[in-house]
Amino acid sequence: MPENETTAPSLENLLHETRAFPPSPAFAAQANAQASLYEEAKADRLGFWADQARELVTWSTPFTQTLDWSGAPVAKWFADGKLNAAYNAVDRHVEAGLGDRVAIHFEGEPGDTRTVTYADLQREVSRAANALTALGVTQGDRVVIYLPMLVESVVAMLACARIGAPHSVVFGGFSADALRSRIADAEAKLVITADGGYRRGAPSALKPAVDEAVGPKDGEPASTVEHVLVVRRTGQDVAWTEGRDVWWHDALEHADTFHEPVAVDAEHPLFILYTSGTTGKPKGILHTTGGYLTQAAYTHKNVFDLKAESDVYWCTADIGWVTGHTYVVYGPLANGATQVIYEGTPDTPHRGRWWELVEKYQVSILYTAPTAIRTCMKWGEDIPAGFDLSSLRVLGSVGEPINPEAWMWYRRVIGGDTAPIVDTWWQTETGGIMISPLPGVTATKPGSAQVALPGIVADVVDDEAHSVPDGGGGYLVLSEPWPSMLRGIWGDLQRFKDTYWSRFEGLYFAGDGAKKDEDGDIWLLGRVDDVMNVSGHRLSTTEIESALVSHDVVAEAAVVGANDETTGQAVVAFVILRGEHADRASTPEGAEEVQAELRNHVAKEIGPIAKPRRILVVPELPKTRSGKIMRRLLRDVAENRTVGDATTLADSSVMDLISAGLAKPSASSED
Ligand code: PRX
């Protein structure tokens, strides 16, 4: 069984509370998805995907082959077809006479707004594509995008796609060091950033991190970056490197509004997105064009029941994460949707900001993360009750398991007890949704992602790769290739094979524990590897440990994800300090000082999102005889549980030592 199963809710408890919510006949009658989709896909899986690709995507050269799995585990989908993702997201809607349809209702945190139609988007993306070309970016060059949530962020991604330059978006909350390593790994030629953005009521800066990331540092040469394109958002002062830095508005002002999109092969790289793995080095997950776009459009249409002519869709994810790629940019735009993009935080300037936006734009489909729902629960239901949310008709959840209590609250308070909830399981690696109810078809169960989508084959297996019976638990695997699957880890084929394909022969190992209930529905139970999930963001324990030990005062570090009511998990670090520093931390003030230093250090190395919630100074770490840290025992400590079986420790008295040390108030702190 998965090692961290103890951290997941017990299935018995979940099932005890479970009620299934069948779709209303009215919804089912109008739904995009019908139960027959499952039958169709089962009867001819590849034919089913080929139909989706032909129906939902426009090809400049039609494909004749659906799947080539001869190079497994690197798949080729629709390989002899050609297309352009930006053309599919923008131009074809304008050509179909929908140029006046709103593509984006943008709402800045300070309250500034902008409405962008598909025709506007076509002009902007074309201009940006011409500007990138003028700056020397050509097909195949990598472009790093480090921006807040702005219209320009979407335009920048589509401009890259339009010229066949793979983009690599780096979340604005990552530090200069994290940005630097991603730029280096992707060997990016250009960075698109902004002076800053608005967050929590104040402008925050982005450009300084880029300046630090692209210049020479500590004997390392300057990066491969030739130009930095800078969007002016806040108007704050920025340092300027002549010849390298170019204002976005200057570059676009002189650029033509016509640009011919480049038809690329279906397997041409569309983007690289870095995500945390079980080792210290983030993985550059590679996605290509044709299969990715097909699954993005198919899932967006069916899982959210999108009616492009009447719905207003809002996905609250940042473009720095895969959810922002697939369900802010490529899926909704490929389907010609009208969507809301909001720059800021949910509580600025007040805790009803999201609900105010739902009311203002008459949002009908909302896609967000359990952490956000739990935060709103904490703030109280009288806040959403102050707004008219009756436009909402489908609610989505993503990023982490949603506890039944939050699910029920979401349904009742936000969805007026009628809107179906789709709990969507997927990953950066899968590119699109894989397991989810279909609204109008599935009787939904609070807390379960339930069933693999039509065309997807998922299973739960035991240690020997045997499918577990209904009622059993084990590891989630994907048994057949799917169109939007990752095509590898950028520059590291071996790591791709080792990470996903070596655990079980011929099966994709997702890294999640799961159970099947008596109906065969799937319940996700959290990661079984050293990846944490904090507020729906993936963080690696090893990466944070490396950051900690790179600080002078730390001799050794172990990091665990401890259960947290709001954020799902919270980062808790156990550190052994080097000799003289251990003395420094022996007083409460000294310990606090060291802990603050270390938290800031992690923020600098990785980003504020990775800051440990708690840092516990300990004299030893629990290790097996082979030297492996037993994180399970540390998790017991972090979650204030009785420490479990410690007999496999090299020195079983270590846990007593840790517990005794932590009993002293000076050894731990929380903020
Ligand atoms: O553990 C699963 C969890 O998030 C992981 C993927 O993280 P990331 O690549 O950052 O993508 C997040 C957005 C797709 C998975 O391995 N996860 C994601 N969605 C769910 C989930 N866990 C349970 N239920 C979900 N609906």
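Numbering of ligands and ligand atoms starts at 1, following listing order.
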Check for a donor-acceptor pair, side chain of R599 on one end and backbone N or O of P612 on the other, with a separation under 3.5 Å.
yes

Starting from atom 13 (C) of ligand 1, locate the nearest protein heavy atom and write down its residue, its atom name and how far away it is, to 0.1 Å.
T323 OG1, 3.4 Å

Go through ligand 1 atom by atom and flag the ones less than 4.0 Å from a non-hydrogen atom of T424.
19 (N), 20 (C), 25 (C), 26 (N)

Do any N/O atoms on Q427 end up under 3.5 angstrom from N/O atoms on ligand 1?
yes

What about the rings of F48 and Y298, do their centers lie closer together than 6.0 Å?
yes

Could you identify the single nearest non-hydrogen protein atom to atom 4 (O) of ligand 1 and state the distance to 0.1 Å?
G399 O, 3.3 Å

Among all residues two or more places apart in sequence or in another chain, which pass the side-chain hydrogen bond (donor to acceptor under 3.5 Å, both in side chains) test with R538?
T275, E429

Quick one: look up the protein heavy atom nearest atom 2 (C) of ligand 1 and list residue, atom name and how far away it is.
D512 OD1, 3.0 Å

Using heavy-atom distances only, which candidate in M434, R538, E400 approaches atom 24 (N) of ligand 1 most closely?
E400

Considering only heavy atoms of N533, which atoms of ligand 1 have at least one such atom less than 4.0 Å away?
3 (C), 4 (O)

Could you check, using the six-membered ring where one of them is a Trp, whether W482 and Y508 have ring centers closer than 6.0 angstrom?
yes

Is it true that atom NZ of K611 has more than 12 heavy atoms of other residues, nucleotides or ligands lying nearer than 6.0 Å?
yes

Judged on heavy-atom distance to atom 6 (C) of ligand 1, which of Y327, W426, W523 sits nearest?
W426

Closest to atom 23 (C) of ligand 1 among protein heavy atoms sits P401 N, 3.1 Å

Less than 6.0 angstrom separating the ring centers of H325 and H167, yes or no?
yes

Under 4.0 Å to a heavy atom of V398 - the qualifying atoms of ligand 1, by number
13 (C), 14 (C)

I need the nearest protein heavy-atom contact for atom 9 (O) of ligand 1: residue, atom name and distance, please.
T428 OG1, 2.5 Å

Report, in ascending order of atom number, the atoms of ligand 1 lying under 4.0 Å from any heavy atom of R527.
1 (O), 15 (C), 16 (O)

Going through the distances and angles, do L357 and V363 end up as a side chain to side chain contact (heavy atoms under 4.5 Å, CB included)?
CA-CA 8 Å; L357 292 178; V363 172; 5.8 Å; no

Listing request: all ring-ring contact (aromatic ring centres under 6.0 Å, His included) pairs with a residue in residues 413-453, at least two apart in sequence or in separate chains.
Y327-W426

